[in-house]
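Written below as structure tokens is the structure these notes are about.
The model shown is predicted, which means the values in this text are computed figures rather than measured ones.
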Amino acid sequence: MDHYNFYTGKEFEAYRYLGAHTTGNGVIFRTFAPSAEKISVIGEFNNWQETPMKKIYDGNFWECTISSATKGMRYKYRIYKKDNTFIDHADPYAFYSELRPNTASIIYGLSDFSFQDEKWLKKRKKCIDGPINIYELHFGSWRQKNNDTSECYLYAELADILIPYLKENAYNFVEIMPLGEYPCDESWGYQATGFFSPTSRYGEPDGLRKFIDQCHMNQIGVILDFVPVHFALDDYALKNYDGTPLYEYPHSSVGYNEWGSCNFMHSRGEVCSFLQSSAYYWLKEFHFDGLRMDAVGNLIYWQGNKERGENKSAITFLQNMNAGLKKRMADILLYAEDSSSYPGVTLPVSKGGLGFDFKWDMGWMNDTLSYFQSSPKERTEKYHKITFSMHYFYNEKYILPLSHDEVVHGKATIVQKMNGEYEQKFQQAKALYLYMFAHPGKKLNFMGNELGQLREWDEKKEQDWNILNYPVHDAFHHFMQDLNKIYLSYPALSKLDYVREGFSWIDCKQEAKCIYIFERRADNQRILALFNLSDKKQTYEYRTNSKQQFTLLIASDMECYGGQEKYEKEDLTLKGNNIKFQLSPFSGRYYLME
């Protein structure tokens with residue numbers, strides 16, 4: 001490790017030096033703790049008795065080698081403060097940890113796992129010009145053994161059932177909620193204690209490597225939810241690590257956040273090196289294809305509040321990290337979860353931006369859900385909540401998210417949010433998804449959304465798979481499968497997402513009727529998307545100077561999807577230059593135009 005780079009926030013491989021590393025002479029332990037009075041290693045190898053560490057380099061680093069230590073043994077650092085009191089800390093750079101509620105680190109070392117995904121990595125590239133259909137996943141609550149939270153599927157086991165499901169449902173990416181070790185299940189991993197340690201809830205780190213390897217061999221990319229903003233309060237972890245606020249701000253006004261956790265102090269080079277080494281570690285050592293970075297707005301602005309001003313140090317950290325990751329692995333993808341209006345999030349760092357590939361379009365999400373929660377009468381007034389996103393869309397490279405945050409904490413599930421009675425909710429949810437997949441931007445859906453789930457997500461329970469025994473849910477799931485397949489199959493729906501030529505409004509002036517018509521294009525392919533979001537059956541006349549052929553690709557009101565329309569053979573292909581479309585209430589459809 002380059003110590004100068006470490007101190008100045010330019011190091012990306014600090015994990016190769018710090019932490020516990022197996023050698024021919026046992027295990028060498030190193031930690032960074034400038035203000036510690038003394039440090040000892042305690043663990044299974046010395047019956048939890050103290051083996052002193054010695055200061056090395058400039059006196060801020062500590063080291064010892066223990067010949068009796070081997071892979072799989074538990075350990076901690078006993079760190080003494082100036083007043084001779086001590087706390088036993090987990091290793092900040094540990095590669096493996098005990099299962100909660102236990103808190104020790106476990107010797108694991110850098111793996112010699114043999115990946116078989118060379119072909120995937122060679123052809124892996126940015127997907128700006130292609131479809132990205134992401135299935136957001138919480139490992140522990142997608143499926144459980146015997147529906148028992150004490151028996152979660154292990155990483156490698158989950159691969160055997162998840163990958164076929166992803167392929168069957170036409171998802172080409174899976175995004176996994178945070179996997180860095182964390183003590184509290186209810187935090188979902190967003191308040192971590194182990195930034196280099198895959199949670200032991202689902203087995204050993206090599207099991208995660210096997211899961212990713214198998215995804216790649218099945219042409220599925222894997223994104224990790226990464227949290228560079230804050231960390232858990234637990235005193236055995238990063239908080240006051242060397243007896244002082246080493247990783248966090250010393251002042252409570254900025255040291256703690258809305259989630260009750262500690263904010264990283266990004267003005268310290270050592271903290272920046274820690275975080276960007278963690279990011280690189282997941283990408284390099286596990287072959288993740290990208291990172292979704294949580295709460296980016298809380299890095300841009302102090303405490304996420306624009307009125308408190310920009311956090312210049314955190315912005316610089318983001319730029320340096322993103323540029324450094326791209327320099328080392330140009331084909332990885334970086335996603336920003338950011339609800340602010342800060343400009344240039346997806347602009348390259350070389351042009352003054354933050355260097356992300358994509359930004360979540362939280363404005364689209366809020367406007368769209370607000371519209372569909374409204375009554376048909378209110379929609380005439382809220383008509384342009386549906387059109388507004390295209391006024392700003394080309395400012396960034398957006399991804400359209402309907403994530404876990406939208407289906408918890410009393411917010412209701414996506415189907416529940418829809419206005420109206422039971423059957424109308426499913427009608428409108430199908431129309432919403434047709435609109436979402438025709439709208440420019442990559443797509444993300446949280447698990448359970450594709451089932452039309454009516455119960456809010458609970459990290460302790462698996463998805464309600466039994467609801468597929470009910471025709472309305474089975475039809476909805478079938479609709480989502482077909483919609484996903486169409487999205488992956490037709491370039492017009494994704495190739496020119498971020499080019500103005502890829503989208504055009506045909507009619508967005510039907511406020512009284514709540515009708516929307518637009519076209520998606522790429523190369524020589526054209527797809528017409530029509531929506532009637534009112535509660536009345538309506539006719540829309542499409543006029544053109546030249547004769548067109550319209551071939552129906554999908555319609556939300558089809559009988560096979562639980563709708564009322566049978567769509568006879570003559571309805572599937574329409575020809576002419578003056579076509580009258582009969583549109584069911586709360587419905588949408590796509591036509592291939594030739």
Side-chain angles (χ1 to χ4, degrees), residues 15-16 19-20 22 71-72 90-100 105-118 120-121 124 134-145 151-166 171 173-183 185 187-190 192-227 277-294 325 329 332-333 447 459:
Y15 66 88
R16 294 187 178 275
T22 55
K71 182 178 178 179
D91 185 349
Y93 286 84
F95 298 131
Y96 192 31
S97 305
E98 276 192 294
L99 179 63
R100 50 95 175 92
S105 301
I106 298 175
I107 299 168
Y108 202 83
L110 290 173
S111 175
D112 58 359
F113 180 85
S114 179
F115 282 95
Q116 305 296 314
D117 60 353
E118 295 88 353
W120 169 269
L121 295 180
R124 185 175 69 178
I134 304 171
Y135 190 65
E136 187 190 22
L137 178 82
H138 177 261
F139 251 119
S141 59
W142 184 68
R143 280 195 184 273
Q144 296 164 352
K145 295 181 180 179
E151 281 195 274
C152 294
Y153 282 101
L154 301 182
Y155 293 114
E157 292 176 329
L158 194 58
D160 294 335
I161 55 175
L162 176 60
I163 291 173
Y165 184 82
L166 294 173
Y171 295 101
F173 278 83
V174 59
E175 180 182 302
I176 308 168
M177 292 171 70
L179 291 178
E181 193 59 80
Y182 57 102
D185 290 355
S187 82
W188 313 328
Y190 289 98
T193 54
F195 283 76
F196 296 84
S197 180
T199 177
S200 53
R201 288 166 173 79
Y202 316 122
E204 294 190 10
D206 277 354
L208 177 57
R209 290 182 172 94
K210 183 177 180 181
F211 169 83
I212 296 169
D213 199 38
Q214 290 189 20
C215 283
H216 287 171
M217 288 188 283
N218 284 276
Q219 309 305 305
I220 296 169
V222 189
I223 306 298
L224 177 65
D225 207 336
F226 182 67
V227 188
S277 291
S278 173
Y280 183 65
Y281 169 76
W282 294 107
L283 296 166
K284 177 68 174 178
E285 305 297 336
F286 288 87
H287 289 201
F288 278 101
D289 298 288
L291 302 174
R292 175 264 193 189
M293 296 195 197
D294 182 58
L325 292 174
M329 308 179 78
I332 52 98
L333 296 169
M447 62 181 191
E459 75 282 347

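To the nearest 0.5 Å, the span separating CG on Asn218 from CD1 on Ile163 amounts to 5.0 Å. The distance from atom SG of Cys215 to atom CD1 of Ile176, rounded to the nearest 0.5 Å, is 7.0 Å. The CG atom of Leu166 sits 13.0 Å away from atom CD of Gln219, with the distance rounded to the nearest 0.5 Å. Rounding to the nearest 0.5 Å gives a distance of 11.0 Å between CD1 of Ile107 and NZ of Lys71. Going from atom NZ of Lys210 over to atom CG of Asp160 covers 7.0 Å, rounded to the nearest 0.5 Å. Separating the CE atom in Met447 from the NE2 atom in His138 is a distance of 6.5 Å, to the nearest 0.5 Å.
Of all heavy-atom pairs between Gly189 and Pro178, the closest is O-CB, 3.2 Å. Nearest heavy-atom pair, Ser105 versus Asp91, reported as atom, atom and distance to 0.1 Å: OG-N, 2.9 Å. Closest approach of Ile223 and Arg292 over heavy atoms only: CG2-N, 3.7 Å. Residues Ala279 and Leu291 come closest through the heavy atom pair CB-CD1, 3.6 Å. Leu154 and Gly203 make their closest contact through CD2-N, 3.8 Å (heavy atoms, listed as atom of the first residue, atom of the second, distance). Nearest heavy-atom pair across Leu224 and Met177 is CD1-O, 4.4 Å.
In this structure, the ring of Tyr281 has its center less than 6.0 angstrom from the ring center of Phe95. For Tyr93 and Tyr15, the distance between ring centers is not under 6.0 angstrom. The ring of Phe139 has its center closer than 6.0 angstrom to the ring center of Phe211.
Ile161 meets the side chain to side chain contact (heavy atoms under 4.5 Å, CB included) test with Trp142, Arg143, Tyr153, Leu158; sequence neighbours excluded. For Glu204, there are no salt bridge (Lys or Arg N to Asp or Glu O under 4.0 Å) partners two or more places apart in sequence or in a different chain.
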Start with the C-alpha gap between Leu137 and Leu162, add the side-chain angles, then the distance that decides, and say whether side-chain contact (heavy atoms from CB on, under 4.5 Å) holds. CA-CA 10 Å; Leu137 178 82; Leu162 176 60; 3.5 Å; yes
Could you go through Arg100 and Thr199, starting from their C-alpha distance and side-chain angles, then the distance that decides it, and tell me whether this counts as side-chain contact (heavy atoms from CB on, under 4.5 Å)? CA-CA 9 Å; Arg100 50 95 175 92; Thr199 177; over 6 Å; no
side-chain hydrogen bond (donor to acceptor under 3.5 Å, both in side chains) for Ser200 and Glu98? Distances and angles first, verdict last. CA-CA 6 Å; Ser200 53; Glu98 276 192 294; over 6 Å; no
I would like to know whether Phe226 and Phe288 meet side-chain contact (heavy atoms from CB on, under 4.5 Å); could you show each step before the answer? CA-CA 11 Å; Phe226 182 67; Phe288 278 101; over 6 Å; no
Begin from the C-alpha positions of Phe286 and Val222 and carry the test side-chain contact (heavy atoms from CB on, under 4.5 Å) through to its verdict. CA-CA 10 Å; Phe286 288 87; Val222 189; over 6 Å; no
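Here the side chains of His287 and Asp213 are not in contact, with every heavy-atom distance at 4.5 Å or above. Annotation: side chain of Leu208 is in contact with side chain of Trp282 (closest heavy-atom distance under 4.5 Å). Using a 4.5 Å heavy-atom threshold, the side chains of Asp206 and Tyr108 count as touching. Arg124 places a side-chain heavy atom less than 4.5 Å from the side chain of Ile332. Arg201 has its side chain within reach of Tyr182: a pair of non-hydrogen atoms, C-beta onward, lies under 4.5 Å apart. Counting only heavy atoms from C-beta outward, the side chains of Ser277 and Phe195 never approach each other to under 4.5 Å. Residues Gln116 and Gln214 form no side-chain contact, since every pair of their non-hydrogen atoms from C-beta on lies 4.5 Å or further apart. Contact of the Arg209 side chain with the Tyr155 side chain is not registered, since no non-hydrogen atoms from C-beta on lie closer than 4.5 Å.
Neither side chain, Ser111 nor Glu285, offers a donor N or O lying under 3.5 Å from an acceptor on the other.
At distances below 3.5 Å, not a single donor-acceptor pair connects side-chain atoms of Asp294 with backbone N or O atoms of Asp225.
A salt bridge links Glu157 with Lys145: the distance from a Lys NZ or Arg NE/NH1/NH2 to an Asp or Glu carboxylate oxygen falls below 4.0 Å.
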